[in-house]
Amino acid sequence: MSIAPYIREIGRGRDGARSLDSAQAHDLMSQVLDQRVTDLEIGAFALAMRIKGESVTELAGFLDAAHERCIAIRTDVATVVLPSYNGSRKIPNLTALLALLLTQQGLRVLVHGPVRDGTRVTTAEIFRDLGLTCAGTTREIEDAWSRREPVFVRTEVLCPPLARLLEVRNVVGLRNPGHTVAKLLAVCRSGPTLRVVNYTHPEYGTRLAEFIAHTRADAMLMRGTEGEPVADARRRQALDVYFAGEHRADLSLAGQQGVVTEMPVLPRTIDAPTTASYIQAIVSGAMPAPPAITAQVECLSRALGALDGSAVREVIGLTGGAA
């Protein structure tokens with residue numbers, strides 16, 4: 001089977017290309033993920049979509065195809081899903097700190113992404129230096145949760161076909177729809193779950209808001225920190241909460257306005273061991289968490305409390321010992 005008819009639609013340039021409907025996008029992505037097409041066709045697909053950009057209906061179809069090929073992860077308590085696919089180049093990667101602080105609030109946390117990146121510090125590397133689990137099976141995920149720890153799952157374990165598609169970037173040099181799909185995965189099949197959806201460019205935030213509404217998703221939408229789903233430690237940004245695709249202004253958080261007058265203490269280097277030591281100092285209570293990340297923890301905790309149908313808990317002890 002060939003995906004040439006689809007490439008003819010999406011490959012006519014930014015102005016001439018036409019978007020696929022959800023069913024067509026699902027079929028296209030299914031063939032790509034199942035390797036029923038040639039490497040040349042996959043390259044053409046990646047380049048055509050990079051030029052055109054994904055529509056909301058295309059993202060919905062692509063995501064459905066990826067979900068069908070993910071392992072089944074089940075949870076029965078409030079869970080936060082953090083897609084960690086960018087790592088850090090300029091400032092410390094504090095996604096693991098967010099995960100640990102959320103766990104202290106009694107929430108389950110699942111982080112997923114790649115293990116290594118030649119040019120960035122990944123969350124998986126920081127998890128390793130913190131002694132946290134990088135799970136290879138659903139049993140290891142459950143065991144980590146039973147110990148009240150956040151857990152990291154490699155994309156190769158979560159959705160092997162999607163991990164292969166992400167590797168195409170190493171050949172063609174450009175991201176492809178697989179990278180967007182990975183950040184949108186709803187990896188838990190049960191229980192109250194909130195996924196943090198982040199973007200880098202402001203115009204893409206509008207499209208993702210439309211996608212969340214279209215798919216009636218439960219999510220927190222935010223501008224990521226170097227593409228990571230954690231608040232920028234230097235300034236509080238807007239955090240928009242959605243339930244079933246509807247924006248919840250009462251649970252969302254406005255961004256900080258004006259000039260920042262006080263900066264949190266951050267490590268001078270961004271390597272994984274240094275970042276892990278900094279995170280451990282905060283989790284143990286030896287130093288305070290950056291206020292912007294504390295605000296994100298509170299926002300997510302309140303949102304999960306509301307999503308779970310329970311009373312909103314007061315969030316306290318963000319820098320104290322494990323719950």
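Note that the structure is predicted; figures quoted are calculated from it, not measured.
The pair R108-D76 meets the salt-bridge criterion, since a charged nitrogen lies less than 4.0 angstrom from a carboxylate oxygen. Classification of R147 and D143 as a salt-bridged pair fails, no side-chain N sitting under 4.0 Å from a carboxylate O. Residues E203 and R207 are not paired through a salt bridge, judged by the lack of any N-O separation under 4.0 Å between the basic side chain and the carboxylate. At a threshold of 4.0 Å, the pair R248-D240 does not count as salt-bridged, since none of the basic side-chain nitrogens sits closer than that to a carboxylate oxygen.
Under a 3.5 Å cut-off, the side chain of R36 and the backbone N or O of V32 do not form any donor-acceptor pair. Counting only distance, with no hydrogens or angles, the side chain of Q296 and the backbone of P229 share a donor-acceptor pair below 3.5 Å. Judged purely by atom type and a 3.5 angstrom limit, S2 uses its side chain to pair as donor or acceptor with the backbone of A4.
Residues A233 and L94 share a closest heavy-atom pair of CB-CD1, 4.1 Å.
In the displayed structure, D39 atom CG is contacted under 6.0 Å by at most 12 heavy atoms of other residues, nucleotides or ligands. More than 12 heavy-atom neighbours from other residues, nucleotides or ligands sit within 6.0 angstrom of CZ on R50. With a 6.0 Å radius and a threshold of 12 heavy atoms from other residues, nucleotides or ligands, E68 has its CD atom above the threshold.
Take T269 and apply the side-chain hydrogen bond (donor to acceptor under 3.5 Å, both in side chains) test, not counting sequence neighbours, and it matches D271, T274.
The ring-ring contact (aromatic ring centres under 6.0 Å, His included) analysis of residues 137-179, with sequence neighbours excluded, yields the pairs F127-F152.
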